[in-house]
Each structure stands twice: as structure tokens, then as C-alpha cells.
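Read through the structure below, which is laid out as C-alpha cells, and then see the notes.
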Amino acid sequence: MSRSILVIPALPFHIMLRSHESHLFSTAMRTMFIFFGMLFTLSNAEFQVSLLKESDGVVTGRFADSLLLSLPPCALATQSVTLEYNNTDTNESKTLVNIFKVLPCRFRRDIISTIENNGQFTTSRNLGYQVTNLTTGSTYRLQYVVGAEKSNILEVSTRQVKDPNQIDSGLPARSGAMVVITVILSVSMFILLVALIVTVAHSLGGD
């Protein structure tokens with residue numbers, strides 16, 4: 001009786017090493033391209049836009065269907081602002097033309113307003129622009145255009161939330177252990193009830 005032996009040739013060590021080095025090289029090149037791309041974007045931006053954060057006077061700048069953006073500098077006062085943004089998940093682009101005008105430097109610059117009241121007087125502060133009607137859990141690239149000047153491209157994602165209509169508000173299914181415990185408790189209560197009835201009947205019969 002003959003036996004057949006399957007022999008799997010192993011890759012030479014130098015080939016495996018070269019493959020690993022090639023993977024590391026490609027990863028490093030992608031990282032460098034992304035880094036220099038970000039530097040190029042920032043260097044070609046006439047002004048900066050950012051997502052509002054807690055230090056700006058808001059709890060968060062990211063919501064499920066909207067984002068809070070900082071405003072163009074007041075050096076561009078009275079000029080109309082256009083916002084261009086792109087959903088990187090669906091590649092859908094939108095342009096909001098003349099959404100507001102840049103406020104003069106003598107005022108606090110913002111569109112979102114908050115009110116502070118110390119008991120004697122009330123002050124109103126403008127904080128930023130809110131981009132609405134966005135898709136939950138999607139990544140967007142946003143850029144202001146004011147006249148001939150453009151901001152940096154801001155890439156940010158909306159928060160991922162669960163649709164309230166998909167939340168199961170019913171009682172969860174019982175596990176096998178819960179069923180066993182329920183049966184044991186029910187049988188125990190039945191036995192105690194029968195024992196109580198027998199005890200009462202016996203005491204009454206003895207009297």
C-alpha cells in the first residue's frame with residue numbers, strides 16, 4: 001500500500017522580506033502623500049475655517065445632521081459668503097450661495113447666537129454658521145468662498161446615531177435561565193399555597 005505525501009514549497013525568506021518591505025514602503029508613501037496634500041491645502045488657503053468646539057462657547061460642533069463652522073475673518077466684512085461641501089461617502093456636492101455676509105470687526109462675528117444674562121444686562125454673542133440637512137454618520141469636505149478668496153478644506157464627520165423608529169421598545173425575550181427560574185418560583189409558590197391550605201384545614205378539623 002503506497003502513501004502519497006503532499007509537499008508544499010515554502011517561499012524563500014528573501015522573497016517574504018521583500019514583500020514586507022514593499023508593503024511598508026507603499027504605506028509610507030501614502031502617508032507622505034496625505035501629509036503633503038494637507039500642507040498644500042493649507043498653504044493655498046487665504047483664511048482658515050474650523051469646527052466649533054467647547055472653548056468657542058458650544059457643547060459640541062458635531063451633530064447627527066448638522067455641523068457648526070467658524071466664520072471668515074472680519075477683514076472680509078460686508079462680502080457675501082458661499083459654502084461648498086461634498087459628501088465623500090456618496091460623492092454628492094452642494095453649493096450654498098450667499099448664505100450670509102461677513103460681519104464687521106467691531107462686532108462679535110457669528111451667525112449662531114447665544115444669550116448671557118447676569119441679572120443686570122443681557123449680551124448676545126454670535127458664534128458660527130450651522131450647516132444643516134446633512135446625512136447621519138457621513139464625512140464631509142467643506143470650504144468657504146468669499147469673493148476671490150477661499151478657506152482651507154475642512155474634513156469632518158457627522159455623528160452616527162440610531163434611527164428612533166428602529167429602536168425596539170418592547171420587552172426583551174427571556175433567556176432559558178430566566179424561564180427555568182420562573183418555573184421553579186411558580187412551583188414553589190404553588191407548593192407553599194397547598195401546604196398553607198392543608199395546615200389551615202387540619203387545624204380547623206382538629207377543633
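FYI, side chains are in, hydrogens and waters are out, and symmetry mates aren't considered; it's all heavy atoms of this structure.
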Can you name the residues that form a side chain to side chain donor-acceptor pair (under 3.5 Å) with Glu149, not counting sequence neighbours? none

Mind checking the CG-CZ spacing from Asn87 to Arg141? Nearest 0.5 Å is all I need. 12.0 Å

Minimal heavy-atom distance between Cys74 and Leu103, with the atoms involved, is CB-O, 3.6 Å

Backbone of Thr139 reached by a side-chain donor or acceptor of Thr88 within 3.5 Å: yes

Other hydrophobic cluster members with Ile181, side-chain heavy atoms of Ile/Leu/Val/Met/Phe/Trp/Tyr under 4.5 Å, chained? Leu185

Sequence-distant partners of Thr132, side chain to side chain contact (heavy atoms under 4.5 Å, CB included), two or more places apart: Ser66, Gln130

Flag the pair Ile99 / Tyr129 as yes when at least one side-chain heavy-atom distance between them is below 4.5 Å, and no otherwise. yes

Full working for side-chain contact (heavy atoms from CB on, under 4.5 Å) between Thr78 and Lys101: CA-CA 5 Å; Thr78 72; Lys101 290 187 177 181; 5.6 Å; no

Please step through side-chain contact (heavy atoms from CB on, under 4.5 Å) for the pair Leu67 and Leu134, ending with a clear verdict. CA-CA 8 Å; Leu67 299 168; Leu134 303 180; 3.7 Å; yes

Set of residues satisfying side chain to side chain contact (heavy atoms under 4.5 Å, CB included) with respect to Leu193, sequence neighbours excluded: Ile197

I'd like to check the side chain to side chain contact (heavy atoms under 4.5 Å, CB included) partners of Asn98; sequence neighbours left out, ordered by chain and number. Ser80, Thr82

Within the structure provided, determine whether Thr182 and Ser186 are in side-chain contact (heavy-atom separation under 4.5 Å). yes

List for me each residue that meets side chain to side chain donor-acceptor pair (under 3.5 Å) alongside Arg159, sequence neighbours excluded, and say none if there are none. Thr60

A side-chain contact here means heavy atoms from C-beta on lying under 4.5 Å apart; do Phe47 and Leu76 qualify? yes

For Ser55, all residues meeting side chain to side chain donor-acceptor pair (under 3.5 Å), sequence neighbours excluded: none

Share the residues that join Val198 in a hydrophobic cluster, the rule being Ile, Leu, Val, Met, Phe, Trp or Tyr side chains under 4.5 Å apart at the heavy-atom level. Phe190, Val194

Side-chain cluster (under 4.5 Å, hydrophobic types only) that Val59 belongs to, other residues: none

Would the distance check show the side chain of Ser151 and the main-chain N or O of Gln143 forming a donor-acceptor pair, the cut-off being under 3.5 Å? no

Please name all residues satisfying side chain to side chain contact (heavy atoms under 4.5 Å, CB included) with Asp56, sequence neighbours left out, ordered by chain then number. Leu52, Lys53

Go through Leu142 and Leu69 one step at a time and tell me if the side-chain contact (heavy atoms from CB on, under 4.5 Å) criterion holds. CA-CA 9 Å; Leu142 307 100; Leu69 305 181; 4.0 Å; yes

How far apart are the closest heavy atoms of Ala64 and Val161, and which atoms are they? CB-CG2, 3.6 Å

Can you give me the closest heavy-atom contact between Ser93 and Asn86, atom names plus distance? OG-ND2, 2.8 Å

Apply side chain to side chain donor-acceptor pair (under 3.5 Å) to Thr136 and list each qualifying residue two or more places apart in sequence or on a separate chain. none

Minimal non-hydrogen separation, Val146 against Pro72, with atom names: CG2-CG, 3.9 Å

Within-4.5 Å side-chain heavy-atom neighbours: Leu83 and Val145: no

Output every pair passing ring pair (Phe, Tyr, Trp, His ring centres under 6.0 Å) with a member in residues 63-87, not counting sequence neighbours, ordered by first then second residue. Tyr85-Tyr140

Ser138 to Asp89 - nearest heavy-atom pair and separation: CA-OD2, 3.1 Å

Grouping I, L, V, M, F, W and Y whenever their side-chain heavy atoms are under 4.5 Å apart, do Leu96 and Tyr144 come out in a common cluster? yes

About how many Å separate NZ of Lys94 and CD of Glu84, when rounded to the nearest 0.5 Å? 14.0 Å

How close do Leu154 and Ser50 get, counting heavy atoms only, and between which atoms? CD2-C, 3.8 Å

Under 3.5 Å, is there a donor-acceptor pair between the side chain of Asn152 and the main chain of Val49? yes

